[in-house]
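Data block below; observations after.
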Amino acid sequence: MGNMVVRSNFEWVYTDQPHSDRRKEILAKYPQIKNLMGPDPRFKWIVSFMVMVQILSCFVVRDLPWKWLLFWSYAFGGVINHSLTLAIHDISHNVAFGNKSARWNRFFGMFANLPIGVPYSTSFKKYHIDHHRYLGGDGLDVDIPTDFEGRFFCSPMRKVLWIVIQPLLYVLRPLYVNPKPITHLEIINALVQFSFDLIIYYLWGLKPVAYLIAGSCLSMGFHPISGHFIAEHYMFLKGYETYSYYGPLNLLTFNVGYHMEHHDFPSIPGSKLPLVRKIAPEYYDTLPYHSSWGRVLWDFIFCKELGPFSRVKRECELAKKD
């Protein structure tokens with residue numbers, strides 16, 4: 001952990017986020033990276049298959065005992081649902097149909113949202129733009145924990161609780177940090193989602209609906225895959241605010257682990273992010289990275305130097321004008 005000490009506040013910096021300058025420098029040296037930008041033709045079929053698997057699973061689990069339903073929600077359905085949230089992340093960058101068909105991406109995001117059980121995709125898109133444009137921006141980037149989270153969730157047991165309730169915090173935090181008006185697409189997203197839930201309930205009863213929603217909540221809380229929430233931007237080494245992960249779980253998560261590469265080039269689909277590192281290795285191989293999301297969770301919980309305050313934070317121009 002270098003010279004890090006127990007934190008009582010965020011790591012405030014007074015420089016712009018580094019990814020814009022890195023992007024310009026890398027493209028100047030390797031203009032062929034532009035060829036990686038644009039939609040991934042296989043992506044929409046992979047996502048569609050995952051949605052179909054979860055609908056079939058709803059039929060399969062309809063008569064399972066509750067204990068086994070929750071087990072499979074965590075071990076199987078939750079993995080698919082968490083992966084679908086990361087598919088929605090890629091869809092928010094228009095990798096399904098390209099920037100020229102933005103509306104098709106929004107509706108496809110609603111389709112990918114169906115097994116998650118609660119409306120998510122349109123609201124995620126609305127806030128994720130700010131996460132890239134104003135990384136660490138005070139009052140803008142809702143990925144940054146609140147001051148209360150930093151002060152309260154500071155012991156190992158409280159940090160475990162913080163990880164468990166991550167889904168709830170991701171819902172509530174934007175309403176407190178950076179509330180925005182509800183859009184018509186969010187209303188459509190909610191109507192489509194709740195209609196799907198009612199159809200599943202009508203066909204097969206309560207258990208399949210519980211299987212879907214429980215899988216989403218459990219997999220986005222204390223789950224090996226959820227280590228990426230902490231791995232991406234929590235400051236494990238002073239001065240570094242974005243980290244990649246190069247382990248096998250990228251196969252289940254649309255390469256979200258290639259997070260430094262993603263922030264450098266948000267318009268490149270996850271499937272092609274390894275090529276960015278291959279083309280420009282000198283920009284990535286010298287940076288700190290994670291090799292285990294499980295280890296990330298362990299270190300976050302038990303290292304007193306780490307906690308919700310372990311984030312780089314900055315003031316952005318838009319926040320100052322407000």
Side-chain angles (χ1 to χ4, degrees), residues 17-50 79-80 82-102 104-105 108-109 112 121 124-125 128-129 131-133 135 143 224-225 227-234 236-237 240-293 295-296:
Q17 61 145 312
H19 297 285
S20 297
D21 289 339
R22 284 175 53 84
R23 183 182 310 120
K24 294 175 184 177
E25 184 177 336
I26 295 171
L27 284 176
K29 189 172 182 179
Y30 299 106
Q32 66 267 36
I33 286 179
K34 291 181 181 179
N35 297 329
L36 303 177
M37 300 176 183
D40 177 353
R42 297 182 304 164
F43 175 78
K44 56 182 175 291
W45 303 114
I46 295 172
V47 173
S48 297
F49 176 75
M50 294 166 66
V79 174
I80 295 178
H82 197 132
S83 184
L84 284 171
T85 67
L86 297 171
I88 288 170
H89 164 262
D90 271 17
I91 294 166
S92 75
H93 292 287
N94 295 332
V95 304
F97 296 96
N99 292 325
K100 294 182 179 179
S101 301
W104 282 106
N105 286 284
F108 189 65
S121 64
F124 176 83
K125 163 69 175 177
H128 191 62
I129 294 172
H131 172 63
H132 277 270
R133 188 176 296 162
L135 180 64
D143 192 57
I225 293 180
H228 78 87
F229 288 124
I230 296 169
E232 291 165 359
H233 295 293
Y234 283 79
F236 280 71
L237 289 174
Y240 295 92
E241 59 182 305
T242 305
Y243 300 78
S244 285
Y245 155 81
Y246 298 126
L249 290 178
N250 278 310
L251 296 173
L252 300 176
T253 56
F254 297 97
N255 282 333
V256 74
Y258 286 78
H259 216 66
M260 177 66 80
E261 293 86 344
H262 170 64
H263 270 263
D264 287 346
F265 301 100
S267 59
I268 293 180
S271 61
K272 298 179 181 178
L273 288 175
L275 294 175
V276 174
R277 186 188 182 202
K278 185 177 180 180
I279 291 170
E282 69 272 27
Y283 287 93
Y284 299 100
D285 290 351
T286 59
L287 297 175
Y289 64 89
H290 298 290
S291 56
S292 168
W293 282 336
R295 179 60 186 269
V296 164

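Quick note: numbers below take in every heavy atom, side chains included, and nothing from hydrogens, waters or symmetry partners.
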* Asked: ring pair (Phe, Tyr, Trp, His ring centres under 6.0 Å) between H263 and H233: does it pass, once the steps are laid out?
  -> CA-CA 11 Å; H263 270 263; H233 295 293; 4.7 Å; yes

Can you see which heavy atom on [X] is nearest to which on [Y], and at what distance?
X: V95; Y: P269; answer: CG1-CA, 3.9 Å
X: V47; Y: L84; answer: CG1-CD2, 4.0 Å
X: S101; Y: N105; answer: O-ND2, 2.9 Å
X: L273; Y: N255; answer: CD1-O, 4.0 Å

* To do: Using a strict 4.0 Å threshold on nitrogen-to-oxygen distance, state whether R22 and D264 make a salt bridge.
  => yes

* Assign the ring pair F229 / H82 to parallel, tilted or perpendicular, where the plane angle (0 to 90°) is split at 30° and 60°. => tilted

* Please work out which of the three classes, parallel, tilted or perpendicular, describes the rings of H89 and H93, given edges at 30° and 60°. => perpendicular

* N250 side chain vs G247 backbone, donor-acceptor pair below 3.5 Å -> yes

* **Under the ring pair (Phe, Tyr, Trp, His ring centres under 6.0 Å) test, residues paired with H290 that sit two or more places apart** => F236, Y243

* What's the verdict on side-chain hydrogen bond (donor to acceptor under 3.5 Å, both in side chains) for S244 and E261, showing C-alpha distance, side-chain angles and the deciding distance? -> CA-CA 8 Å; S244 285; E261 293 86 344; 2.6 Å; yes

* Residue pairs, two or more places apart or on separate chains, that pass ring-ring contact (aromatic ring centres under 6.0 Å, His included) and touch residues 20-43 -> F43-F254

* To do: Answer yes or no on whether R277 is positioned over the face of Y246, meaning its NZ or CZ is under 6.0 Å from the six-membered ring centre and within 45° of the axis.
  => yes

* Test side chain to side chain donor-acceptor pair (under 3.5 Å) applied to H128 and H131, H132, K125, the passing residue -> H132

